[in-house]
Each structure stands twice: as C-alpha cells, then as structure tokens.
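Presented below is the structure to which this report refers.
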Amino acid sequence: MRNRDEIECWLTDMDGVLVHENHPVPGASELLQQWRDEEKPYLVLTNNSIFTPRDLSARLKASGLDVPESAIWTSALATADFLKQQIPGGSAFVIGEAGITTALHEAGFIMTETNPDYVVIGETRNYSFEAITKAIRLIGNGSRFIVTNPDATGPSADGPLPATGAVAALITKATGREPYIVGKPNPMMFRSALNRIGAHSETTGMIGDRMDTDIVAGIEAGLHTVLVLTGISDQKEIDLYPFRPTEVLDSVADLLR
C-alpha cells in the first residue's frame, strides 16, 4: 500500500470535500495553500457540467477558497476532451449550459441540429420537451449518445432536483440506446485529469466523499484513495461496499502537515 508521503499530485472532489453548501470545509483553504507551497500539482474535480471553470473559480472564491480556473476539471471538460480524441472537429447537438457548450467550442466542435456526430446531454435547469424530442430523433437517426455525468438528482435548497442521469434515462427509454457516460464513476474522467497535469496514477491521490463515484473510480484508475466524512458517506455506508478506500479521514484537515 502506498504511503501518503509518496503522493506527488492530488485530485480532489469539490462539494462535500472542500465546500459544503457554499461554506469552506475547515482545513480546505490551508490544504490548498500547503499544495501550493509544496508545488504539488492538483485539480479540483466536479461532475457538475453547468458551470465553466471560470464560474466555479469565482464561486469558490466567494466561499473563501482560492482555486484558479486552470486547477478545475469538470465532467464537461472531460467530455469535450474525450470527444475531441474520438472525432477531431466533430459536431454535436447539446442539451446543457455554458459549461458543456463552452468546453465543446474550445475543443473545436460545431453545434448543429443537422446530423450531428453526437448528441450530448449535460446538466441544465432548463430542460425543454422540444429539445429532448430532438435528441431522441437524432439518436434514432444514428447520432452517438453521450452524457456528461450519471447523477440522477442534484441538491437544492428545496430538496432534490432531477439531473442529467434522470433525463438520460428518459432518452434511453425512448430510444433503446444506452449513453456513454464520461464523468465519475467512469475512471476516464480521472485519466483525462491525470493527463491534464502530467501526473502518474502510482503517485496521485484522490480525495472524495462518495464511495459510489469518487472512491470506486479512484480505485479503478489505480489511485491512492482518501474518503472524507464531511459529505455523503459515513462509516455505515462504507461497510455496504465490497471495496475500501486506502484511507478514511474525518475531513481534509487531517491531510495538513
């Protein structure tokens, strides 16, 4: 088992690890500073594909955390990165917000409703019946079906909201076609993050708060995995799974020197 001292690069989840309902988790700011002081490359990962890294950087800053946009890796960026490798300069019909449309534009993709290579479903708060119908018909006509992340619900002040996974399920039901999902728990998202910072799985750690996404994907990508108990999972939930993180810590504060 790897020793934490051998870790040269870090990937960390955002919500439940660094921030909790727009408040920084105690120790998060100090940990980011420690990584900067030690010149350890790191990326903050999120399955959220609504926002661009610039938006998220500003949101974190408002919470009191200093994370440059270059240190943020979203499921939208990972999706654009993957599609660019598959069909450089391809085309897509997109249901989603600025996070995914900006990432695809920057990857050289064209947005079109006419015979796109891909139908890409990302997170949005404005699903339209018309757009979903269009997606179903395009997939029926041979466009490949891609989803940024599998989360079926997202949090809000009033309770859960239907999210990308729920809309994807609706489209799957109508088309009989399963999407390829890029975000966590697909280790593809971690591999693209590792490539982004030139890291190697043997010397990279992943910090997350969910056994079913962060930890399983981290294990499959061959990373040193750290589960923190400031988010979704607790000790009871850990026992439900057949795999184990490398370490279980109360919070990121336990990673401070």
Side-chain angles (χ1 to χ4, degrees), residues 15 45-53 55-56 73-193 210 212-214 216-217 220:
D15 295 304
L45 270 57
T46 176
N47 256 1
N48 187 317
S49 61
I50 290 185
F51 303 106
T52 65
D55 298 331
L56 291 169
W73 191 246
T74 69
S75 65
L77 290 172
T79 299
D81 190 63
F82 171 68
L83 296 187
K84 182 181 174 180
Q85 288 170 23
Q86 293 280 306
I87 302 181
S91 60
F93 172 72
V94 181
I95 294 179
E97 306 275 338
I100 184 65
T101 54
T102 305
L104 284 168
H105 271 305
E106 287 176 356
F109 264 65
I110 293 160
M111 309 294 150
T112 180
E113 297 180 5
T114 313
N115 298 327
D117 296 314
Y118 297 102
V119 167
V120 180
I121 310 297
E123 198 74 62
T124 174
R125 297 284 177 265
N126 306 300
Y127 292 111
S128 86
F129 185 77
E130 190 186 354
I132 290 170
T133 302
K134 196 161 283 171
I136 288 166
R137 289 173 182 165
L138 290 170
I139 291 164
N141 288 333
S143 296
R144 299 163 183 83
F145 184 16
I146 300 284
V147 173
T148 57
N149 61 296
D151 307 65
T153 61
S156 84
D158 300 322
L161 300 165
T164 323
V167 175
L170 186 161
I171 295 172
T172 291
K173 194 74 175 167
T175 58
R177 298 269 290 282
E178 292 285 341
Y180 182 72
I181 302 168
V182 178
K184 299 179 293 185
N186 186 346
M188 168 78 71
M189 177 148 170
F190 288 0
R191 294 214 183 92
S192 59
R210 295 185 66 135
D212 58 348
T213 55
D214 306 316
V216 69
E220 288 178 6

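Keep in mind that what you see is a predicted model, and the values were worked out from it rather than measured.
Crowding of Arg137 atom CZ: a count of heavy atoms from other residues, nucleotides or ligands under 6.0 Å not exceeding 12.
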In sequence, state the C-alpha distance, the side-chain angles, and the governing distance for Tyr127 and Leu170, and then conclude on side chain to side chain contact (heavy atoms under 4.5 Å, CB included). CA-CA 12 Å; Tyr127 292 111; Leu170 186 161; over 6 Å; no

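Taking CD from Glu97 and OG1 from Thr52, the interatomic distance works out to 11.5 Å, rounded to the nearest 0.5 Å. Rounding to the nearest 0.5 angstrom, the gap separating the OG1 atom in Thr213 from the CG atom in Asn149 is 10.5 Å. With rounding to the nearest 0.5 Å, the separation of OH in Tyr118 from OG in Ser91 is 9.5 Å. The line from CD1 of Ile50 to OG1 of Thr124 is 6.5 Å long, rounded to the nearest 0.5 Å. In this structure, CD on Gln85 lies 8.0 Å from OG on Ser192, to the nearest 0.5 angstrom. Here Asn47 contributes atom CG and Thr164 contributes atom OG1; the two are 8.0 Å apart, rounded to the nearest 0.5 Å.
Counting heavy atoms from C-beta on, the side chains of Gln86 and Tyr180 never come closer than 4.5 Å. You'll find the side chain of Asn115 stays beyond 4.5 Å of the side chain of Asn141, heavy atoms only. Using a 4.5 Å cut-off on side-chain heavy atoms (C-beta onward), Phe82 and Asn186 make no contact. You'll find the side chain of Thr74 stays beyond 4.5 Å of the side chain of Ile100, heavy atoms only. At a threshold of 4.5 Å between non-hydrogen side-chain atoms, the residues Pro53 and Leu77 count as touching. Put simply, the side chain of Ser75 reaches to within 4.5 Å of the side chain of Met189, judged on heavy atoms. Counting heavy atoms from C-beta outward, Ile87 and Leu83 have side chains that stay 4.5 Å or more apart.
Nearest approach of Met111 to Leu104, heavy atoms of both residues: CE-CB, 3.3 Å. The shortest non-hydrogen separation linking Ile95 to Ala131 is CD1-O, 3.6 Å. Considering every non-hydrogen atom in both Leu45 and Lys184, the closest pair reads O-NZ, 4.4 Å. Between Val147 and Ala168, the shortest heavy-atom distance links the atoms CG2-CB, 3.7 Å. In plain terms, the two heavy atoms of Pro116 and Phe93 that are nearest each other are CB-N, 3.6 Å. When all heavy atoms of Gly90 and Asp117 are compared, the closest pair comes out as CA-OD2, 3.3 Å.
Side-chain N or O atoms of Arg177 include none that pairs as donor or acceptor with a backbone N or O of Phe145 at under 3.5 Å. Side chain of Thr175 to backbone of Ile136: no donor-acceptor contact under 3.5 angstrom is found.
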